[in-house]
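Data first, discussion second: the structure below is written as structure tokens.
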There are 2 protein chains.
Amino acid sequence: MIMSKTTIVDIALALGITPSTVSRALAGNKKIKESTREAVRAKAKELGYERNEVASNLRRGVTKTVGIIVPRINREFFSSIISKAEEVLVEAGYSLLICQTYEKAENEKRALKTLSSSRLAGIMISHSAETPSSKAIKETIHGSKIKLVQFDRVFEDLPGSRVVNDDFNGAYTAVKHLIERGYKKIGAMVGYDTCLAFVNRYKGYEAALKEAGMPVDSALVFPETIVRETGYANAGKAIDAGCDALYSSGDFSALGALECALERGLRVPEDFAIVGTANESFTALTTPSMSSVDQHPSDIGRQAAEAMLRLLNGDTAGEEIIVDTELIVRESTGGKNNKSNKSLIL
Amino acid sequence: MIMSKTTIVDIALALGITPSTVSRALAGNKKIKESTREAVRAKAKELGYERNEVASNLRRGVTKTVGIIVPRINREFFSSIISKAEEVLVEAGYSLLICQTYEKAENEKRALKTLSSSRLAGIMISHSAETPSSKAIKETIHGSKIKLVQFDRVFEDLPGSRVVNDDFNGAYTAVKHLIERGYKKIGAMVGYDTCLAFVNRYKGYEAALKEAGMPVDSALVFPETIVRETGYANAGKAIDAGCDALYSSGDFSALGALECALERGLRVPEDFAIVGTANESFTALTTPSMSSVDQHPSDIGRQAAEAMLRLLNGDTAGEEIIVDTELIVRESTGGKNNKSNKSLIL
DNA sequence: TATAATTGTGCAAACGTTTGTAAAAAATAA
DNA sequence: TTATTTTTTACAAACGTTTGCACAATTATA
């Protein structure tokens, strides 16, 4: 027995009332008599009624869906953000649509178009590394009531809210830790200067050195070093230049650096120390285990989602939220073999 | 200048034609004169027209959105599936909505309701471990034209397509490998028997032993062992029972087992061998590195998405797709220190 | 030239809901 | 009782698109 979906009209007909009353009753409108509301609810249940969100969305001019745009879904950092954001949004009655850009500006543009076309309530975005400016988003947002929350990788000239790590402090703390452990020549593997997060981390590195009265040597700073291969290669250069420690803007490049140091017969952490960024779960499992700056991606996801809900409720026009970082000290900087890692429970 | 979105009516008015013609022109309908089509396209661009998908969806009775329901997004296995599925679906003009169940049957039910209410074109689902039967899904699907693709964790009494690993063979190959390496008493850490995948893996384990003329001792089989803690605990029991090798249905339990063996002073792989399942990226980084059965999650994601597209196109009523597994041999079973791992490139 | 076939557009209804306004019903006040 | 207020429900339009059918315009056939 194939049955077409029941509508409010079916319910109205069955009860001898009008669709508008049914609609209001189901919405819990106080203007509708308690007894009618009950009758409607009962009949709805009886007929297996399910609201057609599409029709509702069209009429209301906005959906109960939020889109999230990230470079890649299968990156622990992003999937943790998405996971928590989904939890918060679902709790508030919203759904989450995902798009990934693979770091391509072009894909980001396409994703924005799709989301805008679907009249989403809001967009949460972490820009692709290749996106040169906020132009494409500005055009999408302009004149539409769509709400915007940027996280992690943000542009500062866009409306809406932003959620970022305390990147400066994360790097500062990591480098200060290296200094306190007695390392004398500390290099840095950093990212792209189009990206604020990387710039701020570099500043933190610089500040920690200056505070300790140590020179900042640009020959020991390796830009655009965020993958394993470049980490491996540039660690070699750093070692050749006499570094006894490396701060890295990423865990994958730190992993490459660790492999390079070990291959060269250096003892880690006795001869050479490494601290990474992101606290990817694998950092707890390398030998030696790696110190890393945890970015609390779950918190970023929660904060971003909550900021979105506030925008949607009209509670705010935009805010800037800073999520703190946390240095996890492990063997690669002389800590204990702390293999525990929440993300590896299951 | 706040401008409300342009509609096809605006375009029609501007060109002195009707909305229906505009609609057809934009759809590329051949019945519309080439010159009109061009004029419409030009005007649409000029006015910054963007199709209202919501209205389109309502009229057509179906959306261009597919929902995906998984236990957890931030699990490497699932995020890899989602990532590839998203890529395939976007390519075909669909969007992807995500829901996670945290392994709770109740959340799965709610997710299904949401997706059904939003009139999605299809649902891709990997069931929560706690979902006892296909009942909830059956009710959601029943009488609706929504398409269903199950992957990884499936029920066999549901319509639509299924994408699963060759779990039997994955386990069989892994255990056979242990036998060939000379291990004599091989235990198994398996999952829940409500889940077909786990059952099939157990069968593969059993088959490999039988084929080699080795006894299958139920005292060496540890059910419901998929997390690190139970892996650690049950590995202790296995060692006490005289095992010299363990096959595990998961990498996290295998990790626990590895830690247990090392703590007890056993040499891995000389005294004790371990092979896990899923080839999580961390398996390449432990010391010793761990052998594991790769499930090719990306392939699962691609196959599931393509199966969904075929269902949506009406090319098929349902199919069963088997994705092959691949044993990655590393140090924990006497292989070389193969640290390379595609998921760790960046 | 008339007729038929073909091609290109217009008309209007429909998708299922929400909501402003009007009207009916019930309750209260005069 | 009638007038007034309050409560409850109905009416109808709207959201922006798609699409079956009808009709007009054009071209081909007789």
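Order of the sequence lines fixes the chain letters, A, B, ..., with proteins taken first and strands second; residue numbering starts at 1 for each chain.
Side-chain N/O atoms of B:Ser23 include one lying less than 4.0 angstrom from OP1 or OP2 on D:dT18.
One can place CG of A:Asp10 at 11 Å from P of C:dC15, the figure rounded to the nearest angstrom. A straight line from CG of B:Asn29 to P of D:dG20 spans 11 Å, rounded to a whole angstrom. Distance CD1 (A:Ile8) to P (C:dA14): 16 Å, rounded to an integer number of Å.
Looking at B:Ser79, its side chain never comes within 3.5 Å of a backbone N or O of B:Asn74 through a donor-acceptor pair. A donor-acceptor pair under 3.5 Å is absent between the side-chain atoms of B:Ser118 and the main chain of B:Leu120, judged by distance alone. Distance alone, capped at 3.5 Å, places no donor-acceptor pair between the B:Asn313 side chain and the B:Asp315 backbone.
With values rounded to the nearest 0.5 angstrom, A:Leu58 atom CG is found 6.5 Å from B:Asn52 atom CG.
Screening residues 88-132 of chain A for ring pair (Phe, Tyr, Trp, His ring centres under 6.0 Å), with sequence neighbours left out, gives A:His127-A:Phe155. For residues 300-310 of chain B, every residue pair satisfying the salt bridge (charged side-chain N to carboxylate O under 4.0 Å, His left out) rule, not counting sequence neighbours, is listed here: B:Arg310-B:Glu319. Within the structure, no pair that satisfies the ring pair (Phe, Tyr, Trp, His ring centres under 6.0 Å) test touches residues 60-84 of chain A, not counting sequence neighbours. The stretch residues 49-61 of chain B participates, sequence neighbours left out, in these salt bridge (charged side-chain N to carboxylate O under 4.0 Å, His left out) pairs: B:Lys5-B:Glu50, B:Arg51-B:Glu53.
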Sugar-phosphate atoms are those with a prime plus P, OP1 and OP2; base atoms are the rest. Using that split, label each nucleotide of nucleotides 4-12 of chain D B, S or - for protein heavy atoms under 4.0 Å, 5' to 3'.
----BBBBB

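Contact annotation: the side chain of A:Val40 approaches that of A:Leu26 to within less than 4.5 Å [non-hydrogen atoms, C-beta and beyond].
Residues from residues 55-67 of chain A that place a heavy atom under 4.0 Å from any atom of DNA chain D, listed by number: A:Leu58, A:Arg59. Residues from residues 39-54 of chain A that place a heavy atom under 4.0 Å from any atom of DNA chain C, listed by number: A:Tyr49, A:Arg51, A:Asn52.
For A:Cys99, the side chain to side chain contact (heavy atoms under 4.5 Å, CB included) partners are A:Ile69, A:Ala111, A:Leu115, B:Glu86, not counting sequence neighbours. Remark: A:Arg119 engages no residue in a salt bridge (charged side-chain N to carboxylate O under 4.0 Å, His left out) (not counting sequence neighbours). Residues passing the side chain to side chain contact (heavy atoms under 4.5 Å, CB included) test with A:Lys135, sequence neighbours excluded: A:Ser133, A:Glu139. Listed by chain and residue number, nothing satisfies the salt bridge (charged side-chain N to carboxylate O under 4.0 Å, His left out) test with A:Glu91 (two or more places apart in sequence, or in another chain).
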The dot-bracket string of DNA chain C, counting Watson-Crick and G-U wobble pairs with both distances under 3.5 Å, using [ ] for crossing pairs and | for pairs to another strand, is ||||||||||||||||||||||||||||||

